[in-house]
Each structure stands twice: as C-alpha cells, then as structure tokens.
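Note that the structure is a prediction, hence the values are computed from the model and not measured. Labels below follow one simple rule: chain letters A, B, ... track the order of the sequence lines, proteins then strands, and each chain is numbered from 1. Values below: all heavy atoms of this structure, side chains included; hydrogens, waters and symmetry mates excluded.
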There are 2 protein chains.
Amino acid sequence: MSTTPTVYDVAERSGVSIATVSRVYRTPDSVREKTRERVLAAARELGYVPSGNARGLASRSTGVLGLCFPDLSDPDTETEAAAADADDDHAFMLYSDQIIRGMERAARRHGYALLIAASLKGGPESLVAKVAGRVDGFAVLSRTVPTEDLDVISRRLPVVMLAGPRENDELDHLDHIEVANADGQRELTRHLVEDHGLRRLAFVGGEERSPDAQARFLGYREACRAAGLPVREEPDLRAEMMTQAEGARAADELLDRADAAGPPPDAMLFANDQMAIGALHALERRGVRVPDDIAVTGFDGIPLSRLVRPALTTVRQPMRQLGEEAVELLVRRLGAEREREPVDLMLPVSVVRRASCGCGRE
Amino acid sequence: MSTTPTVYDVAERSGVSIATVSRVYRTPDSVREKTRERVLAAARELGYVPSGNARGLASRSTGVLGLCFPDLSDPDTETEAAAADADDDHAFMLYSDQIIRGMERAARRHGYALLIAASLKGGPESLVAKVAGRVDGFAVLSRTVPTEDLDVISRRLPVVMLAGPRENDELDHLDHIEVANADGQRELTRHLVEDHGLRRLAFVGGEERSPDAQARFLGYREACRAAGLPVREEPDLRAEMMTQAEGARAADELLDRADAAGPPPDAMLFANDQMAIGALHALERRGVRVPDDIAVTGFDGIPLSRLVRPALTTVRQPMRQLGEEAVELLVRRLGAEREREPVDLMLPVSVVRRASCGCGRE
DNA sequence: TTGAAAGCGCTAACAG
DNA sequence: CTGTTAGCGCTTTCAA
C-alpha cells in the first residue's frame with residue numbers, strides 16, 4: 001500500500017514482461033488466456049489500476065472530451081438559505097446541464113469520458129488550459145474562453161464552439177454549432193400575428209452583447225417587417241440578466257407606459273422563458289388576464305415553461321442535441337475527418353404552442 | 001502544425017532550458033519577467049499547450065476529480081419524439097445533475113476539474129477503470145460500480161461513496177455520505193399525524209432493493225409506531241421505477257381497494273416526488289380533492305414539486321450539498337488527512353410543508 | 001504469443 | 001533566477 005503499483009510490479013508478480021501486462025489491458029485477446037488470468041490476478045492482489053497519465057502520454061490520446069461552460073453563479077456567494085430559495089435556479093441551470101447530459105451520453109457511446117469545467121479567468125495557469133491539456137478535443141460555450149486561448153488551443157486539438165454566433169473573425173477555422181434563434185423567434189412572431197391576429201407587439205430583449213438575445217430580436221424584427229408592422233430598431237426594453245424579476249418589472253413598465261401613452265400591447269414577447277414567467281406573475285398581480293387580455297411568449301423551452309399557468313408558449317432549444325452533435329463533430333475530427341473544412345451547424349428549433357398565446361391545448 | 005509542440009520546442013525558440021519553460025507555467029513568479037514573456041510569446045507562436053498527461057505523470061497528480069453515476073437512460077433507446085416528450089425526465093435528471101453541479105463548483109473552488117462518466121459494465125477496460133486512472137480521487141453513486149472494482153481502485157486513490165447506505169462489508173474503509181432518508185420520512189409522517197391529525201396512512205414504496213426507498217419506509221414505520229398507529233411490515237404498495245405513471249396507478253389502486261374494503265386513507269405518502277405528482281393527477285381525475293379529502297406527500301424536493309397544484313409537501317434532499325461535501329472530503333483525503341479514519345456523513349434533510357398536506361402556505 | 005528497449009512530454013531535485 | 005539530469009508508468013515497434 002505504500003507505493004502505488006505499476007506495470008513492473010504486476011509483471012514481476014505474475015512472471016511476465018511489462019509489455020504483456022500492457023497487452024492484457026489493451027488487447028486482452030492477444031494474450032494467452034492462462035497468462036492473462038495470471039496477470040489479472042496479480043493486478044487484483046496488488047490493487048493495480050493503469051495510470052491514465054502514463055497511458056495517455058505514451059499513446060498520445062486521453063479518451064476524454066472536454067466542455068467549458070460559463071460560470072453562472074459565484075461559488076462563494078451562495079448561502080444555504082439562498083440555495084434553498086433559489087429553486088428558480090433549477091430551471092436556469094438546465095441550460096448547461098442539458099448540454100452536459102447530451103455530451104456525456106454521446107461521449108459514452110463513443111467510449112469517451114467527459115471533463116467539465118466552468119470557465120475562469122484566462123492566462124497560462126487557467127483551468128481552461130489545464131483542461132485543454134487533458135482532453136482529445138473539446139467544446140466551448142460561447143464567450144467562456146478568451147479568443148486568444150482558443151486560438152492557441154485549437155492549434156493542438158479539435159475545438160467546437162457552441163451556441164452564440166461565430167463570434168470572432170480569428171476563430172473561423174473552428175467548428176461551430178448554433179441554434180436557430182432568429183428562425184424561432186420569427187416563426188413565433190408570425191404565429192402571433194397571423195394566427196392570432198395580434199398587432200400591438202412588445203419585445204423584451206437582453207443585453208446588446210448577448211448574441212442569442214440579439215438574434216432573437218432580429219428574428220422578431222424580420223417577422224414584423226414581413227407582416228407590415230412597425231419595425232423598431234431596438235427592443236421595447238432590455239434586461240441585464242433576463243431573470244424572472246426583470247421580466248416582471250418589464251411587464252409592469254410596459255403596462256405603465258401604455259397607461260400613460262396609449263393602448264397596451266396585445267402581446268409581450270420575451271427573449272427567454274425566465275422573463276416571460278416573471279411577467280406572467282406580474283400580470284396576474286395586476287389582474288391582467290393571459291391570454292385573454294394579452295399574449296405572452298418566452299424562448300428556451302425550459303421545463304418550467306410547461307408547468308406555469310397558463311402554460312407558456314415558447315421556442316424549444318435542443319440543448320441536449322447540441323451537446324450530442326458537439327461530440328459527434330469532435331469524434332469525427334479525431335477520426336478520419338481531421339482536415340475537413342470547418343463545419344457550421346445550425347440546429348432547428350421548434351415553436352411550442354401552449355396556452356399563453358391563446359392556443360387551445362395546454 | 002505537423003507535430004504538436006513540446007517544451008523543447010518552446011525552449012529552443014525562446015532560448016531557454018525546458019526547466020524554465022516548465023516554470024513559466026507552474027510558478028510564473030519564479031521567472032524573470034522578461035524571460036517569461038519571451039517564453040510565453042514563443043508558446044503562443046508555436047501553439048503550445050502543456051500536456052496534462054506528461055504533467056500528471058511527472059507530478060503524480062492530475063488536478064481532476066471524478067464522478068461515476070448510474071446510467072439512467074439507454075443512450076440508444078431514445079427517439080427524438082420520446083426525448084421531446086420526456087419533459088418528465090427533466091425533474092428526474094436533476095438528481096445526478098445536481099450532484100454534478102455541486103461537485104463541479106466545489107472542485108473548482110479547490111482548483112480541480114471534474115471528470116464524469118455514467119457507469120458501464122465492469123471489467124478491465126471499463127470506463128470506470130479508465131476514469132479511475134485519470135483522477136486524483138473520485139466519488140461514486142451507490143451501486144454504480146462493482147464492489148470488486150471499487151476495492152481495487154480505492155487502494156490507489158481516495159473514493160467516497162454517495163447516497164445509499166454503506167452497502168458492502170468490504171467497502172467499509174471508504175468515506176461515505178448519505179442523506180437522512182429515514183429521519184426525513186419519520187418527521188414528515190409525524191407532521192401528518194400530529195399536526196394534521198391524520199391516522200389512516202398509506203405508504204407507497206419502491207423496490208425492496210432500493211436502499212433509499214427502503215430507508216424512507218423504515219422512517220415511516222418508526223413514526224407510525226411512535227404514534228401508536230398500526231405498523232405494517234411492508235409498504236401498502238411498491239413501485240418498480242417510481243415514475244409518475246406508477247404513482248398514478250398506485251393512487252387508483254389504493255382508492256379502489258378502499259372502495260371494496262373500508263374507508264379510504266386520509267393520507268398517501270410516496271417514496272418520491274415523481275410518484276406523488278402522478279398521484280395528484282390521478283386524484284384530480286377521480287375528483288378527489290387534495291388536501292381536503294386526502295393528503296399527499298412526496299420525497300426529494302424536485303423543482304416540479306413546488307410547481308404542481310396543490311404544491312407538494314415533501315422532503316428536500318440536499319443533492320448539491322452532497323456533491324460539495326464529496327469534494328471537500330476528497331480534497332481533505334488528498335491533503336493532510338490521508339490516513340484518517342473513514343468518514344461517515346449523514347446529511348440532514350428538511351421537510352418542506354406545502355399545500356398538499358393541508359398546510360397553508362404554498 | 002511474448003520480451004526488450006526506446007521514448008511520450010513534463011516535473012523535480014540539485015547545481016550553478 | 002536558470003540549467004542539468006533523471007525518471008514518472010505506460011505503449012510501441014521490432015525481434016524472438
């Protein structure tokens with residue numbers, strides 16, 4: 001128990017060479033059964049586990065894929081009370097959780113494990129760099145890794161960027177998967193206008209620098225234009241964090257504005273479900289009926305969206321699939337298609353019509 | 001771009017020794033600034049990323065912690081339609097997702113990354129073994145790794161078992177964290193009996209071999225005994241998978257039984273939230289009012305439990321904390337407390353009183 | 001089917 | 001502050 005056993009120990013104990021021990025673990029069939037059993041027995045007795053590091057070093061591969069995602073919550077900020085209270089989080093968390101799930105499953109299918117790390121600051125000794133050195137390929141959620149790091153890393157191993165538009169000019173040699181944000185919002189908007197006959201729309205967006213929120217806004221605008229509705233340059237409101245609280249506030253403000261200056265909107269479109277759900281609460285408090293008085297829509301398709309009353313009409317993002325596709329892409333890059341042109345996938349989204357827009361079924 | 005650059009390349013290019021290159025990445029402050037910048041520049045130009053494998057091999061540590069969790073869904077079984085329909089899953093998934101989250105955060109706090117893998121079959125070349133060889137320590141969800149493998153692995157690195165009781169006799173040298181299942185169910189039952197005056201209780205459990213479900217049943221029995229209620233040897237019903245569908249079926253069956261043979265129960269206790277939620281639906285269909293006609297309780301505290309109507313009274317399991325504690329334990333084992341006695345943590349749970357038991361607040 | 005020997009790319013003393 | 005020198009534990013030809 002003092003020193004962890006190595007191939008040498010196992011070899012000695014079972015009277016074979018280290019090469020044979022190695023073979024027992026890599027290609028068991030290439031070793032005579034009796035020999036193999038002797039080796040395995042010795043390994044068991046010694047408590048031998050092959051060192052992944054040594055294997056990786058010698059074989060130049062790790063059998064691990066990586067994922068870097070944004071660090072959403074400060075690990076130290078959260079008190080126990082806050083944690084208990086933050087059931088709200090659960091829905092939010094699912095964003096990266098789903099990707100993790102998707103990647104894990106696809107990775108497993110291909111015999112890979114998954115290494116995950118929330119992004120930290122960059123720099124030589126960042127977690128990112130550490131991860132990069134320990135995987136055969138990895139996926140990066142938009143804007144979680146400094147461009148410069150990505151540039152260096154991607155020279156050494158395949159990298160696929162997830163969600164968000166292809167941001168940086170210098171990273172156009174990377175594979176990239178995104179979700180059809182604009183398409184989804186456009187189609188959703190079209191639905192409100194054409195199928196429900198709504199015409200006084202209000203759109204609540206996110207930060208200008210949030211590519212997803214921005215793409216959704218653009219989709220909204222396109223639909224407005226196509227429908228001959230007035231087209232604004234800016235969302236009616238923007239929210240920093242796109243939380244429920246902000247959504248509630250936005251709903252209130254839109255209504256207050258209307259009280260002061262004209263008819264209220266007959267539909268509020270939010271750039272994500274969280275805000276839409278917050279708005280639902282705010283409207284309920286004011287006695288405004290959804291969808292009778294006003295339609296409300298979200299974006300994301302988080303589980304919560306199905307459960308609130310009225311159930312939220314939204315656009316479902318295939319996050320799990322995003323994770324799976326990412327792995328497929330990486331695996332391909334690690335195989336035959338090393339040198340293929342950069343891929344650019346756009347995953348289709350689907351409008352989920354529920355009660356909050358006036359559609360019948362829940 | 002042909003060969004991936006190594007320390008040697010960087011050293012040569014920047015006119016220093018490999019040792020200095022190494023230092024730049026490990027202890028930047030021990031290198032003169034000018035030298036450091038020269039090295040970093042060379043590294044950038046070359047696209048150099050330190051090999052985690054080589055580092056790990058040389059330093060005998062990986063900076064990675066691992067987690068093995070059960071493989072809940074067959075990766076190939078799921079059609080796209082099923083996936084879309086399986087919103088139900090979301091709640092379920094949170095079980096391991098939450099642990100992952102907790103571990104990831106705690107790990108990051110300590111400078112570790114997290115390697116995750118759903119358990120596969122055992123054997124020399126299993127994913128588990130692969131993972132074990134690539135981490136400094138790891139956490140295992142109950143019954144996901146064959147005892148024998150665990151035994152071998154735990155000789156080489158710290159292992160902490162999560163949830164479920166300390167199963168195997170031979171694994172009593174491992175650290176272990178569980179959740180106070182029995183306590184929670186006992187307290188919840190006590191609440192129903194003493195605070196709501198309910199006396200005709202029915203308990204729907206899980207498989208006999210599910211330690212969690214079993215512990216909950218035991219807690220239930222203890223409370224019954226303490227309250228002077230009849231104590232059954234077995235749950236009134238057992239469910240295989242503890243799904244919503246099974247919960248609904250169980251509620252129906254309990255009521256049917258009562259129709260045939262006596263007064264219906266005035267409370268149904270389920271071994272998890274999923275079943276309780278299913279029961280809620282079934283009861284609604286039958287026109288049975290909750291909590292007026294009958295109280296319903298769950299266990300787990302999944303997000304859904306808060307959202308259903310009536311909101312579900314349940315017992316919250318601190319899964320995230322479980323993950324965090326696991327990391328803390330591992331980190332300690334990797335530090336000074338290598339040889340300390342095996343730890344056995346029991347995380348307290350909390351009863352969440354909501355509408356479904358008759359408590360006022362949602 | 002098995003063994004011998006040469007690295008894989010880095011860290012870690014130890015010198016200087 | 002920087003360089004030299006050994007390995008770390010395995011995989012991998014190449015022979016036997």
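Across all strands shown, A:Val16 has heavy atoms under 4.0 Å from sugar-phosphate atoms exclusively, and none from any base.
Taking for each of A:Gly56 and B:Ser17 the nucleotide of DNA chain D with the nearest heavy atom, the 5'-most of the two is the partner of B:Ser17.
Rounding to whole angstrom units, CZ of residue B:Arg55 and P of D:dG9 are separated by 18 Å. A straight line from CZ of A:Arg60 to C1' of D:dG9 spans 16 Å, rounded to a whole angstrom.
Of the side-chain N and O atoms in B:Tyr8, none sit less than 4.0 angstrom from OP1 or OP2 of D:dG3. Residue A:Thr6 places none of its side-chain N or O atoms closer than 4.0 Å to OP1 or OP2 of D:dG9.
Under the 4.5 Å side-chain criterion, counting only non-hydrogen atoms from C-beta, A:Ile177 is in contact with A:Leu347.
Judged by distance alone, the side chains of B:Arg60 and A:Thr4 never bring a donor and an acceptor atom under 3.5 Å apart.
Note: A:Tyr25 and A:Tyr48 meet the aromatic proximity criterion, with ring centroids under 6.0 Å apart.
Results of the side chain to side chain contact (heavy atoms under 4.5 Å, CB included) test with B:Asp136 over B:Leu334, B:Leu330, B:Val64 single out B:Leu334 as the only residue that passes.
Classification of B:Glu337 and B:Arg333 as a salt-bridged pair fails, no side-chain N sitting under 4.0 Å from a carboxylate O. Ion pairing between B:Glu328 and B:Arg109 holds under the 4.0 Å rule for side-chain N and carboxylate O.
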What protein N or O atoms touch nucleotides 12-16 of chain D N or O atoms at under 3.5 angstrom, if any, and at what distances?
{"unit_1": "D:dT12", "atom_1": "OP2", "unit_2": "A:Arg26", "atom_2": "NH1", "d": "3.2"}

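Shown here for B:Pro318 and B:Val179, the closest heavy-atom pair between the two residues is CD-CG2, 4.2 Å.
Heavy-atom contacts from other residues, nucleotides or ligands closer than 6.0 Å to CZ of B:Arg209 number 12 or fewer.
Bounding nucleotides for the chain A contact on DNA chain C, 5' to 3', at a heavy-atom distance below 4.0 Å, are C:dT1 to C:dG9.
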